[in-house]
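From a predicted model like this one, the values you see are computed outputs, not experimental measurements. We count residues from 1, following the sequence as given.
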Amino acid sequence: MVRIFALSVAFATLALPALAGDTVDTAKVTCKEYLDSDHNLMVAMEAAFHEAMKNDPKLGSLNQAALSLVMWDNCAGKTDTKVIDALRQ
């Protein structure tokens, strides 16, 4: 059991290079990383993107829940695309 947990932690660390500790680098997060993340990480990403997009004329007026729906819809089927690019399309 401990080995499975250790491997899970190692995989998560390697699978999410765009994240440094608790800081989300909105310029590097891919749609695959966003869509495959667990709930807590997804919420952290959504909060970071909400903050990053607050001055955007189109998305800045959305609350975090509404922006998360836009992120999900824009990222669906675009695993190699960066979330920031998907949002700007």
Side-chain angles (χ1 to χ4, degrees):
M1 184 69 166
V2 172
R3 184 171 67 177
I4 292 171
F5 177 73
L7 288 172
S8 297
V9 170
F11 176 75
T13 303
L14 293 173
L16 299 172
L19 305 175
D22 294 321
T23 304
V24 175
D25 186 348
T26 56
K28 294 182 180 178
V29 176
T30 66
C31 285
K32 179 173 178 37
E33 291 170 335
Y34 171 67
L35 296 173
D36 290 347
S37 63
D38 66 22
H39 174 75
N40 292 335
L41 183 53
M42 188 175 280
V43 171
M45 289 181 189
E46 291 165 355
F49 279 101
H50 184 254
E51 180 66 23
M53 302 303 288
K54 68 181 178 185
N55 293 323
D56 184 90
K58 185 172 100 176
L59 301 171
S61 63
L62 297 178
N63 63 30
Q64 186 172 325
L67 183 63
S68 72
L69 292 174
V70 173
M71 289 170 64
W72 186 270
D73 290 343
N74 288 11
C75 278
K78 301 175 187 171
T79 56
D80 293 333
T81 304
K82 292 184 178 160
V83 175
I84 197 78
D85 295 335
L87 285 172
R88 291 182 174 149
Q89 292 179 349

Nearest-0.5 Å distance that lies between atom [atom1] in [X] and atom [atom2] in [Y]:
X     : Y     : atom1 : atom2 : value
Ser61 : Lys54 : OG    : NZ    : 14.5 Å
Phe49 : Leu59 : CZ    : CG    : 11.5 Å
Met45 : Ser68 : CE    : OG    : 13.0 Å
Cys75 : Glu33 : SG    : CD    : 10.5 Å
Asp25 : Ile84 : CG    : CD1   : 10.0 Å
Cys31 : Asp36 : SG    : CG    : 10.5 Å

- [ ] Begin with the C-alpha distance, continue with both residues' side-chain angles, and end with the deciding distance and a verdict on side chain to side chain contact (heavy atoms under 4.5 Å, CB included) for Met71 and Val83.
- [x] CA-CA 7 Å; Met71 289 170 64; Val83 175; 3.8 Å; yes

The side chain to side chain contact (heavy atoms under 4.5 Å, CB included) partners of Leu69 (sequence neighbours excluded) come to none

Hits for side chain to side chain contact (heavy atoms under 4.5 Å, CB included) against Val43, two or more places apart or cross-chain, chain-then-number order -> His39, Glu46, Gln64

Looking only at heavy atoms, the pair that brings Val24 and Ala48 closest together is CB-CB, 3.6 Å

All heavy atoms of Asn63 vs all of Ala66, minimum pair found to be OD1-N, 2.7 Å

Do Leu87 and Val70 touch side chain to side chain, with heavy atoms closer than 4.5 Å?
yes

Quick note, side-chain hydrogen bond (donor to acceptor under 3.5 Å, both in side chains) partners involving residues 79-89, not counting sequence neighbours, are Lys78-Gln89

**Asked** Are the side chain of His50 and the backbone N or O of Leu62 linked by a donor-acceptor pair below 3.5 Å?
**Response** yes

